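Have a look at the structure below, then the notes.
Both backbone and side-chain heavy atoms feed into the values below; hydrogens, waters and symmetry mates do not. Since the structure is predicted, the reported quantities are computational estimates derived from the model, not experimental observations.
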Amino acid sequence: MLLCFELFNSRQGKSVMSKETENKAIVGRWFKEFWGNPWSPKIVDELAAPDMLLQYSLHEPRRGRKEVKEFMTGFREAFPDLRSEEQHV
């Protein structure tokens, strides 16, 4: 589980995440929702740049959200039991 620590901004009276913590949370979401089971195609539209480049060693590169989602849909159909696991070191 990804733990997020918040900083308290006393001037505005509300909690805000540090940039580092925010970035870690975004990366955690990407791995969980892109590589997780079940995978979530909407994560590509939400977090990826429109011209995203996916380079996977066993396939030719894919560019753009549409190609990445098409690739991942086929990949997940071929490997429906694929799981990823988060480890803290």
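- With salt bridges taken as basic N to acidic carboxylate O contacts below 4.0 Å, one links R29 and E33.
- For residues 50-65, there are no salt bridge (charged side-chain N to carboxylate O under 4.0 Å, His left out) pairs, not counting sequence neighbours.
- Atom CD1 in I26 sits 9.5 Å away from atom CD in E46 (nearest 0.5 Å).
- Separating the CH2 atom in W35 from the CE atom in M72 is a distance of 4.0 Å, to the nearest 0.5 Å.
- A heavy-atom distance below 4.5 Å is found between the side chains of Y56 and F71.
- Summarising the geometry, atom CZ belonging to F75 is positioned 8.0 Å from atom CG belonging to L58; distances are rounded to the nearest 0.5 Å.
- To the nearest 0.5 Å, atoms CG (L54) and CD (E67) are separated by 10.0 Å.
- Connection of W30 to L53 is not established within any shared hydrophobic cluster, with ILVMFWY side chains joined at heavy-atom distances below 4.5 Å, either directly or through further cluster members.
- The CD atom of E20 sits 8.0 Å away from atom CG of N23, with the distance rounded to the nearest 0.5 Å.
- Under the rule for a salt bridge (charged side-chain N to carboxylate O under 4.0 Å, His left out), K32 has no partner lying at least two apart in sequence or in another chain.
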